[in-house]
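Working notes, structure below.
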Amino acid sequence: MGVRVYNTLTRRKEDFVPLNPPRVLIYVCGITPYAKSHVGHARPSVFWDVVRRYLTYIGYSVTLVQNFTDIDDKIVKKSKETGLPPEQIAETNSRQYLESMRRLNVIPADAYPRATQYIDEIIRMTEALLAKGHAYVSGGDVYFRAASFPEYGKLSGKNVDQLLPGARVEVSEAKESPLDWALWKAVPDGEPGWNSPWGRGRPGWHIECSAMVTSILGPSIDMHGGGTELVFPHHENEIAQSEAFTGVKPYVRYWLHNEMLNLEGEKMSKSLGNVVALDELLAQYPPEGLRIYLLSAHRRKILEFSIELLESAVRGWERLRSTMERCYDFLRIPADTGVSNPDRLESARQKIRQTFFAAMDDDFNTALALSAVFDLVSALNSALTEDKGRAAGPEARRMFAEAYLDLLEFSGILGVLPDVWGAQREASARVRGEGFKDLVELLVRIREEARSRKDWGLADEIRRKLQENGVVIQDEPSGTRWSIR
RNA sequence: GGCGACAUAGCCAAGUGGCAAGGCAGGGGUCUGCAAAACCCUUAUCCCCGGUUCGAAUCCGGGUGUCGCCUCCA
């Protein structure tokens, strides 16, 4: 056993062996905060959050860094259009992204560095690349000489010779070759810029990640993530810059890329304009539902997005949540009751455990892991249904509790652990005012009494009024349960 | 033009040689004053055509279709 990951560089699944176990250093390409975040941005965030949770769970000590590229052409353009300073645009959108992450239950990265905080490092790196002959000055710009890095193209599988004909690369008189890219760009007065040995300018697009990775995490990291769209040229260029600069190979031991979200068959992207705002979704749907949706396909597969699909995932989450609440309530009743067929539950549980961990080990197959979670939901619900309150002894009860704890554990790894201890119920009740809970419970008691008198009119009215106020009533053989939705 | 990925039920999706996971939706049933939830049963000739094999969704060849990257992008 052990984790295996599909590495974009080798195009194979490989055993995951970190450089200095148990430490695992991870860098994930974050957003360019020139506009609001959309659902697509949540895919890598949630995926890497699960990776971090799982690796931590199995004993690794994870350091995860995610950047903001807070200065680039788009931000400058936006600044010109709106008249707002670029820092403000970047900061507003970065904060909005982080707020969405918080709502999505994403464990905060150990650092969220900004490109503009690493200008000195970028300049130093550029100077070093010049000194080593990997870069050249042209006008006030500095370019990386792709031809100076023989392995250029190794990540994306591009053949440099075939890249040129018909290529859509930017043709510029300033560049020796169309494949070269800017490390530093001269900027006209009035645009944001920093002083440098080559005059006032700002960093090119790819160098900031190399600078942040090497200065924060070192010359060689364990995993690097980002969307497939970044494989070329962004990550290809990052490898060239970083390995040329540090002389250390490999810059990244395992490259893990996530596929895109599609909207009506087309890639969701800001440039196409077919985006669904992340904060708006989170305002309307439970974040756990969104996580379940995002984890429902393997990260290397394109996933179709629609409100209907999100809503179906939300319904799945509601089932998971209500199962946990039922299990919790069940375990609170006196200890001489237990499930009537514990052996069946136990054998299901063992099989499900095996599936879950094998799935996570196999390139973080969250879709399969999620299916194991739902299998456990079904097994627990079956056990609860069969029970009928029979006394089955402490052993049966213990087995039930074990299965329930597994469900909590798996949900925790996937970051969709519902609040089963009622803290949320309590908190919601508090938000609605002291005594809210007492009032609800009083109404439930009154309704129980009405039901025993067969006063259905009153019982139904109480149920309806509570529902209007967000309290859902369910009559079960063992009594009436209520929960806040 | 170059490189690459994908095609599995109504929708989403896992599965890379041994009787086709899971979610949502649908149908039937149990429970129930009603409702809700839950449970049980039920819904697939795995894009097409060849080949390899005792055996193929899975491997090989060909075809068709969809998408991505090569330009900013998670």
Side-chain angles (χ1 to χ4, degrees), chain A residues 11 28-32 34-35 37-48 66 69 72-74 77 97 153 156-159 161-170 179 205 225-234 236 257-262 265-272 275 292-293 296-298 300-306 308-320 322-323 325-326 355 359 362 365-375 377-378 380-386 388 451 454-456 459-460 463-464 467 472-477 481 483:
Chain A
R11 295 167 192 236
V28 181
C29 271
I31 59 164
T32 301
Y34 75 88
S37 290
H38 58 77
V39 221
H41 295 137
R43 174 120 102 150
S45 315
V46 168
F47 169 72
W48 283 101
Q66 184 175 32
T69 298
D72 91 318
D73 294 350
K74 298 245 169 171
K77 182 164 173 263
Y97 171 82
S156 52
K158 304 246 185 244
N159 181 323
D161 300 328
Q162 288 172 336
L163 213 47
L164 294 174
R168 293 191 273 168
V169 290
E170 180 192 347
L179 291 177
W205 174 33
T228 51
E229 61 196 355
L230 297 177
V231 173
F232 189 90
H234 185 59
E236 194 71 69
H257 290 97
N258 60 277
E259 258 302 349
M260 302 290 102
L261 243 43
N262 274 188
E266 268 195 321
K267 176 181 139 180
M268 184 184 294
S269 78
K270 284 184 279 193
S271 35
L272 286 173
V275 297
I292 286 175
Y293 157 74
S296 71
H298 186 98
R300 284 188 285 114
K301 292 289 185 67
I302 292 168
L303 177 60
E304 180 68 25
F305 178 82
S306 72
E308 290 70 31
L309 289 169
L310 175 57
E311 285 177 345
S312 78
V314 168
R315 281 190 285 275
W317 181 68
E318 280 163 359
R319 186 154 78 100
L320 173 63
S322 83
T323 296
E325 284 177 0
R326 291 178 70 203
T355 301
D362 184 11
N365 189 339
T366 56
L368 188 55
L370 208 46
S371 80
V373 168
F374 280 106
D375 281 338
V377 164
S378 296
L380 283 162
N381 280 332
S382 297
L384 285 171
T385 299
E386 283 166 11
K388 315 285 187 205
R451 289 181 72 215
K454 299 196 192 298
D455 183 351
W456 311 127
D460 291 351
R463 182 170 62 196
R464 197 177 64 247
Q467 187 134 15
V472 178
I473 293 291
Q474 288 176 4
D475 299 319
E476 296 188 351
R481 299 178 61 242
S483 58

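Note on naming: letters A, B, ... go to the chains in the order of the sequence lines (proteins, then strands), and numbering restarts at 1 for each one.
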Of the listed nucleotides [options], the one nearest the side chain of [X]:
| X | options | answer |
| --- | --- | --- |
| A:F374 | B:C70, B:G23, B:A14 | B:G23 |
| A:F232 | B:A35, B:C70, B:C72 | B:C70 |
| A:D460 | B:C24, B:G33, B:C70 | B:G33 |
| A:R463 | B:C11, B:A35, B:G33 | B:A35 |

Watson-Crick or G-U stems involving RNA chain B, each at least 3 pairs long, distances under 3.5 Å, ordered by first number: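 Only these stems qualify: B:1-7 with B:64-70, B:10-12 with B:22-24, B:26-30 with B:38-42, B:47-51 with B:59-63.
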Can you check the [X] [atom1] to [N] [atom2] distance for me, whole Å?
| X | N | atom1 | atom2 | result |
| --- | --- | --- | --- | --- |
| A:E304 | B:C12 | CD | C1' | 9 Å |
| A:L310 | B:C12 | CG | P | 15 Å |
| A:N262 | B:C69 | CG | C1' | 14 Å |
| A:L370 | B:G15 | CG | P | 13 Å |
| A:L261 | B:A13 | CG | P | 10 Å |
| A:H41 | B:C72 | NE2 | C1' | 11 Å |
| A:N258 | B:C69 | CG | P | 13 Å |
| A:L320 | B:C24 | CG | P | 11 Å |

For nucleotides 37-41 of chain B, tabulate all protein N/O to nucleotide N/O atom pairs closer than 3.5 Å, reporting atom names and distance.
residue	atom	partner	partner atom	Å
B:A38	O3'	A:N381	ND2	3.2
B:A38	O2'	A:R326	NH1	3.4
B:A38	O2'	A:T385	OG1	2.8
B:C39	OP1	A:N381	ND2	3.4
B:C39	O4'	A:T385	OG1	3.3
B:C39	O3'	A:S382	OG	3.1
B:C40	OP1	A:S382	OG	3.2

If the [atom1] atom of [N] is compared with that of [M], how far apart are they to the nearest Å?
| N | M | atom1 | value |
| --- | --- | --- | --- |
| B:C67 | B:U53 | C1' | 33 Å |
| B:C69 | B:G63 | C1' | 25 Å |
| B:U45 | B:G29 | C1' | 29 Å |
| B:A20 | B:A9 | C1' | 11 Å |
| B:G17 | B:G55 | C1' | 8 Å |
| B:G62 | B:G4 | P | 14 Å |
| B:C60 | B:C40 | P | 39 Å |
| B:U16 | B:C6 | P | 12 Å |

Rounded distance (nearest 0.5 Å) linking atom [atom1] of [X] with atom [atom2] of [Y]:
| X | Y | atom1 | atom2 | value |
| --- | --- | --- | --- | --- |
| A:I292 | A:L320 | CD1 | CG | 5.5 Å |
| A:R300 | A:F47 | CZ | CZ | 9.5 Å |
| A:D375 | A:T355 | CG | OG1 | 7.0 Å |

Residues in side-chain hydrogen bond (donor to acceptor under 3.5 Å, both in side chains) contact with A:S45, at least two apart in sequence or another chain: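 Partners of A:S45 under the side-chain hydrogen bond (donor to acceptor under 3.5 Å, both in side chains) test: A:Y97.
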Contact under 4.0 Å: [X] side-chain N or O vs [N] OP1/OP2:
| X | N | value |
| --- | --- | --- |
| A:K301 | B:C12 | no |
| A:K270 | B:A74 | yes |
| A:T228 | B:A5 | no |

Can you list the residues that meet the salt bridge (Lys or Arg N to Asp or Glu O under 4.0 Å) rule with [X], with sequence neighbours excluded?
| X | result |
| --- | --- |
| A:K267 | A:E229 |
| A:E259 | none |
| A:R451 | A:E448, A:D475 |
| A:D73 | A:K185, A:R202 |

Could you list the protein-to-nucleotides 17-21 of chain B atom pairs, N/O on both sides, closer than 3.5 Å?
residue	atom	partner	partner atom	Å
B:A21	N3	A:S371	OG	3.3

Cation-aromatic face contact A:K77/A:Y34, 6.0 Å, 45 degrees: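 Judged by the rule (NZ or CZ under 6.0 Å from the ring centre, within 45° of its axis), A:K77 is not positioned above A:Y34.
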Taking only residues two or more places apart in sequence, or in another chain, which ones meet [X] in a side-chain contact (heavy atoms from CB on, under 4.5 Å)?
| X | answer |
| --- | --- |
| A:S322 | none |
| A:E266 | A:N274 |
| A:V231 | A:T8, A:L155, A:S156, A:H257 |
| A:A367 | A:N365 |

With sugar-phosphate meaning primed atoms plus P, OP1 and OP2, does [X] contact a base, only sugar-phosphate, or nothing at under 4.0 Å between heavy atoms?
| X | answer |
| --- | --- |
| A:H38 | base |
| A:G40 | base |
| A:L272 | nothing |
| A:R11 | sugar-phosphate |
| A:L230 | sugar-phosphate |
| A:G225 | nothing |

Distance-only polar pair, side chains of A:T323 and A:N381, donor-acceptor under 3.5 Å: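 Yes - a donor-acceptor pair under 3.5 Å links their side chains.
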Side-chain donor/acceptor contact of A:K158 with base of B:C70 under 3.5 Å: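 No such pair is found, so the answer is no.
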Toward the 5' end of RNA chain B, by each residue's nearest nucleotide, A:I292 or A:L303: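 Going by which nucleotide is closer to the 5' end, it is A:L303.
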Nearest-nucleotide comparison on RNA chain B, the residue closer to the 5′ end among A:S156 and A:A372: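 First, find each residue's nearest nucleotide; the 5'-ward one identifies A:S156.
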Main-chain N/O of A:M260 paired to A:R43 side chain as donor or acceptor, under 3.5 Å: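 A pair under 3.5 Å: yes.
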